[in-house]
*Asks:* 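Sharing a structure here in structure tokens format.
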There are 2 protein chains.
Amino acid sequence: MARRAGVSIATVSRVHRNADLVAPATRERVHRAVAALDYRPSRLGRSLARGHHDATGIVFPDLSGPYYSAVILGYEEASAAEGQSVLILATHRRAASAKQVLDLADRVDGIVLFGRTVDDEVVEALVRRRVPVVLVARPIAGNSDSVRTQSRSTAEALTVHLFEHGYERVAYLGDPHASPDAAERWQGFLDAHRAARHRRWRPAIACGFREEDGRAAASVLFADRDRPDAIVCANDEIAMGVLVAARAAGLTVPDDLAVTGWDDIPAARHLAPPLTTVRQPMLDLGRRAAEILRDRITTHRIEPLHELLPTELVVRSSCGCSYHTKEAEE
Amino acid sequence: MARRAGVSIATVSRVHRNADLVAPATRERVHRAVAALDYRPSRLGRSLARGHHDATGIVFPDLSGPYYSAVILGYEEASAAEGQSVLILATHRRAASAKQVLDLADRVDGIVLFGRTVDDEVVEALVRRRVPVVLVARPIAGNSDSVRTQSRSTAEALTVHLFEHGYERVAYLGDPHASPDAAERWQGFLDAHRAARHRRWRPAIACGFREEDGRAAASVLFADRDRPDAIVCANDEIAMGVLVAARAAGLTVPDDLAVTGWDDIPAARHLAPPLTTVRQPMLDLGRRAAEILRDRITTHRIEPLHELLPTELVVRSSCGCSYHTKEAEE
DNA sequence: TTGTAAGCGTTATCAT
DNA sequence: ATGATAACGCTTACAA
């Protein structure tokens, strides 16, 4: 051990966690020894003795697309600022995901669960095990903390906006059962229809979240003679697919068909036509998750905290608004 | 401890790493005790005793954009398949990044360094400390392993393609000093000009990697009376910015100006006009990094391994090729 | 087959 | 101010 090398003993520990309760002389001696032997204290030993990891985990259902990467960015940044390492895991709806999450849980001081990654039972198991948990974009469970974005009311506003443009047969494209957020948006869509009683509405058209899913679903839809004249998509990727399908079907957007997305991914403003969508503060989502988790870990707070982040309607042209591209969006 | 609870002692350890050298009867007894007490072995204890973490780290210079997220995806997937946890870190060019990386290094069994995250000295320090290192999209250092994508020859091919369309004043937009990849692409660009001697070329126009950087640089460029008639951009985001600037300047792409990108981000095919670019196997980049690192860790291989992944020219319309959008790219 | 005990590298509590 | 020493929770000879 470096201890022998220096001269002293476990005093090295003291100097290492920069306790000032060490004589300047000895401290200096230790520092020299450390430098000479290129000694680094072992995290493992330290963690074992102190009882915590200085690390947290974040688990996603998936990792593809610009959506998650922004969340990771915010999460990593906030965590690093607090000196916490971050472990990342994607469950991919694997059968073993519950085990993976449980496993991750005992490498960290706390964990954030994103969307539909694991069942409520797993969340409860985690909580029972005293693992601090923050739920992101997911219904509350096991009285852990949560962070979400406003979905329902903005979805309603978006749908109403379409009504105001005169569209009459508005469809919702996306599977409300696939993700909690998609479900909320669908509810908002329904709210709008309920408020405007004369509107008829059709059931949600279930489809996956990828562009190709949207394209496929839309092209089927367009074959119908009673095709919708506006489509509210569960996310931007689906909307991109719809745009592709519309072009293929000879439909002009937004004249023949309005299309809206959700997320405001970077590509959205570059589409033809620029996509009307909803911006979510994804960076903040990750950042707040990290902060709330940290708080729960350090303060041992018992009351669950629930945070709702605002979203913002981003009106471009695909809903029938201004036709000319806006130059100065920035 | 659960040991007392069951009946036996450190036999629980044996049964836990499913050693079959335990009598079925006792094993059963232990299993029951484990279930009853909801006992989970501590990773810390285990790691400390065995001397490894079953985790690896990956560090990025940044985390924004679709580029990194694909790499993470591949890396996480391959790591999870091998039962390794993954720690993620973004240095953001922070001053403390060397320290952060060194710090990360002793939480893991090996580390992958992406692009311009840390100086060669840090890599060497890591290697000296016997930390297995894989370098991704970065020049070789400290004789660690590396994975890269083919840049130079494809960049040359891309530039030649532009020549064949008849463009004469081709510019390169992107900072060769900012990233190793950008430097390679610039070299390929030069190679093409050297091969076609009659071509005159201009120095690279340094600019950041984001859309706004590209837009700003391009609009300056367009003000020049000797403006280029084709621009090879260091990545797709820059190219998107150029497209925006071109529209603002009243230039038609590809008639007045050809534009090419790099990466083939999801948005590329949806731009107007669809962007000619270069596809990189980013998923594989992450996956191979994980596999090579794992190999180095387990086999203690001493010879460095260097892998070069192929890239592919994706010809769309922004280079002057077919004008109609291809429907069935898939 | 299974128990005993010596590490693994820290921190923390006592003494001194 | 600093040295012993007992945890921390596991693995792994070595005995029994």
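All values below were derived from every heavy atom in this structure, side-chain atoms included, with hydrogens, water molecules and symmetry-related copies excluded. We name chains A, B, ... by the order of the sequence lines, and we start the count at 1 in each one.
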*Asks:* Identify whether any heavy atom of B:L48 sits under 4.0 Å from a base atom; if not, whether one sits that close to sugar-phosphate; answer base, sugar-phosphate or nothing.
*Replies:* base

*Asks:* Do the side-chain N and O atoms of A:T56 and A:Y75 include a donor-acceptor pair separated by under 3.5 angstrom?
*Replies:* yes

*Asks:* What is the distance, rounded to the nearest whole Å, between atom CG of B:L44 and atom P of D:dT11?
*Replies:* 12 Å

*Asks:* Hey, which of A:R288, A:R294, A:R287 is the one that makes salt bridge (Lys or Arg N to Asp or Glu O under 4.0 Å) with A:E291?
*Replies:* A:R288

*Asks:* Whether A:R46 contacts D:dC8 is assessed here as follows: a side-chain N or O lying under 4.0 Å from the phosphate OP1 or OP2. Is that the case?
*Replies:* no

*Asks:* Using a 3.5 Å distance criterion without hydrogens, assess whether the side chain of A:D119 forms a donor-acceptor pair with backbone atoms of A:E121.
*Replies:* no

*Asks:* Any chance NE2 of A:H177 has more than 12 other-residue heavy atoms, nucleotides or ligands included, within less than 6.0 Å?
*Replies:* no

*Asks:* Using nucleotides 2-4 of chain D, report all nitrogen or oxygen pairs with the protein that are shorter than 3.5 Å.
*Replies:*
{"from": "D:dT2", "atom 1": "OP1", "to": "A:T26", "atom 2": "OG1", "distance (Å)": "2.6"}
{"from": "D:dT2", "atom 1": "OP2", "to": "A:A23", "atom 2": "N", "distance (Å)": "2.7"}
{"from": "D:dT2", "atom 1": "OP2", "to": "A:T26", "atom 2": "OG1", "distance (Å)": "2.9"}
{"from": "D:dG3", "atom 1": "OP2", "to": "A:I9", "atom 2": "N", "distance (Å)": "3.4"}
{"from": "D:dG3", "atom 1": "OP2", "to": "A:T11", "atom 2": "OG1", "distance (Å)": "2.6"}
{"from": "D:dG3", "atom 1": "N7", "to": "A:R14", "atom 2": "NH2", "distance (Å)": "2.6"}
{"from": "D:dG3", "atom 1": "O6", "to": "A:R14", "atom 2": "NH2", "distance (Å)": "3.2"}

*Asks:* Among side-chain atoms of B:S47 and B:H53, is any donor-acceptor pair under 3.5 angstrom?
*Replies:* no

*Asks:* Over the length of the helix from C:dT1-D:dA16 to C:dT16-D:dA1, how much do the five-pair end axes diverge, rounded to 10 degrees?
*Replies:* 40°

*Asks:* Could you state the CG-C1' distance from A:D54 to C:dT11, rounded to the nearest angstrom?
*Replies:* 13 Å

*Asks:* Provide, to the nearest angstrom, the distance between the CZ atom belonging to A:R43 and the C1' atom belonging to D:dC8.
*Replies:* 16 Å

*Asks:* Ignoring hydrogens and geometry beyond distance, is a side-chain donor-acceptor pair present between A:D62 and A:S64 at under 3.5 Å?
*Replies:* yes

*Asks:* Is a side-chain donor-acceptor pair under 3.5 Å present for A:R17 with A:S13?
*Replies:* yes

*Asks:* Does B:S13 make a side-chain N or O approach to OP1 or OP2 of D:dT11 shorter than 4.0 Å?
*Replies:* yes

*Asks:* Taking only the side-chain heavy atoms of B:R50 (C-beta and beyond), determine which of D:dC10, D:dT11, C:dT10 contains the nearest atom.
*Replies:* D:dT11

*Asks:* Just how far, in rounded Å, is P of C:dA12 from NE2 of A:H16?
*Replies:* 14 Å

*Asks:* Between the side chains of A:D145 and A:R301, is the shortest nitrogen-to-carboxylate-oxygen separation below 4.0 Å, so that they form an ion pair?
*Replies:* yes

